[in-house]
Amino acid sequence: SPVITMRDLKRHYSMGEETVKALDGVDLEFLKNDYAAIMGPSGSGKSTLMNIIGCLDTPTSGTYILNGQNVAEMDDDELARVRNREIGFVFQTFNLLPRINCLRNVELPLIYAGVNPREREERATEALNRVGLGDRITHKPTELSGGQIQRVAIARALINNPSIILADEPTGNLDTATSQDIMEIFSDLSKAGNTIILITHEEDIALYTRRIIRLRDGRIESDKKQ
Ligand code: ADP
Ligand code: ADP
């Protein structure tokens, strides 16, 4: 069964007299192991779609089923739980704290979740190992390259073992070779059972995924496996 099912999803904004149709009838399914790129011109609805998938925003109409649950029927506590446990976010700007080391950055979400220090350290170390940074756990972000910093951000997104990883232009600040490394890490994660959905505007980056979804004017223009 799909991890995500969206049916006739709309997100409209009222701007005075005018209505902006950021999403205007989107039907999508994502499966476990999916590795998908969302592409499309500026203003086509990519960010809006990601925000809704990540439960940071809610649709104006339509249905969104996440791991069998209708998101519209969740209360605030459930939504917070879903955002923390079922979804890992990776952003272009890495959002790491510069003065604390990799291990501490990665375990931050667990501090908020009240996990004890020993388990935090174990799980953060494991997440850093998964992105190939096991030998950098005591380094601070200022002591790492851009690609290593992005890997720390991915490790942090993995810390609660989310079923879905959402990434907004995750290679936007990286050179080609480093971008390829990051895309390979996402590929490995998708094969290991995570659903990976990322926004990119770079065609050569999208080629590393196994599915390209193109948006235009709030609708799906194409959705192709590759
Ligand atoms: P993309 O990420 O593809 O650039 P967005 O999802 O950011 O597209 O935006 C889709 C459309 O919705 C655009 O026309 C944008 O101006 C509009 N939009 C997005 N967020 C808001 C908002 N908070 N208020 C009003 N309009 C918005
Ligand atoms: P991106 O480069 O990721 O597409 P945008 O510049 O489109 O980002 O949007 C950045 C933020 O501003 C988003 O959270 C989006 O919802 C919001 N936004 C985009 N367009 C508008 C708008 N016309 N009015 C208000 N907020 C907007």
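The first residue in the sequence is number 1, and the count goes up from there. We count ligands from 1, going down the list as the structure has it; atoms in each ligand are counted the same way.
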Met183 backbone acceptor or donor facing Tyr35 side chain under 3.5 Å: yes
Need the ligand 1 atom indices (1-based, order shown) with element for anything under 4.0 Å from a heavy-atom of [X].
X: Pro41; value: 3 (O)
X: Ser42; value: 4 (O)
X: Ala22; value: 10 (C), 11 (C), 12 (O)

Give a yes/no on ligand 1: does Gly218 have at least one heavy atom closer than 4.0 angstrom to it?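 Outside the 4.0 Å threshold, so no.
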Contact between ligand 1 and Ser44 is defined here as a heavy atom of the residue under 4.0 Å from a ligand atom; is it met? yes
Among Val20, Thr19, Ile52, which one has a heavy atom closest to atom 17 (C) of ligand 1? Val20
I want to confirm something. Looking only at heavy atoms, which of Leu23, Thr48, Ile38 is nearest to atom 5 (P) of ligand 1? Thr48
Hits for side-chain contact (heavy atoms from CB on, under 4.5 Å) against Arg7, two or more places apart or cross-chain, chain-then-number order -> Thr5, Asp27, Glu29, Thr63
Is it true that Arg211 and Asp223 make a salt bridge, defined as a side-chain N closer than 4.0 Å to a carboxylate O? yes
Is there a polar contact between ligand 1 and Gly43, counting only N or O atoms under 3.5 Å apart? yes
Ligand 1 to Met15 polar contact by distance, N or O atoms, under 3.5 Å: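 Such a contact does not occur with ligand 1.
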Just by distance, with hydrogens left out, do Glu143 and Gln148 show a side-chain donor and acceptor under 3.5 Å apart?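 Note: Glu143 and Gln148 side chains miss the donor-acceptor criterion.
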Which atoms form the tightest heavy-atom contact between Val3 and Ser163, and what is the distance?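 So the two residues come closest at CG1-OG, 4.4 Å.
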Can you give each donor-acceptor pair under 3.5 Å made by side-chain atoms of residues 127-142, sequence neighbours left out, with the distance rounded to 0.1 Å?
residue: Asn129; atom: ND2; partner: Thr125; partner atom: O; Å: 3.3

May I ask you to check whether over 12 heavy atoms, not counting those of Asp217, lie within 6.0 Å of atom CG? no
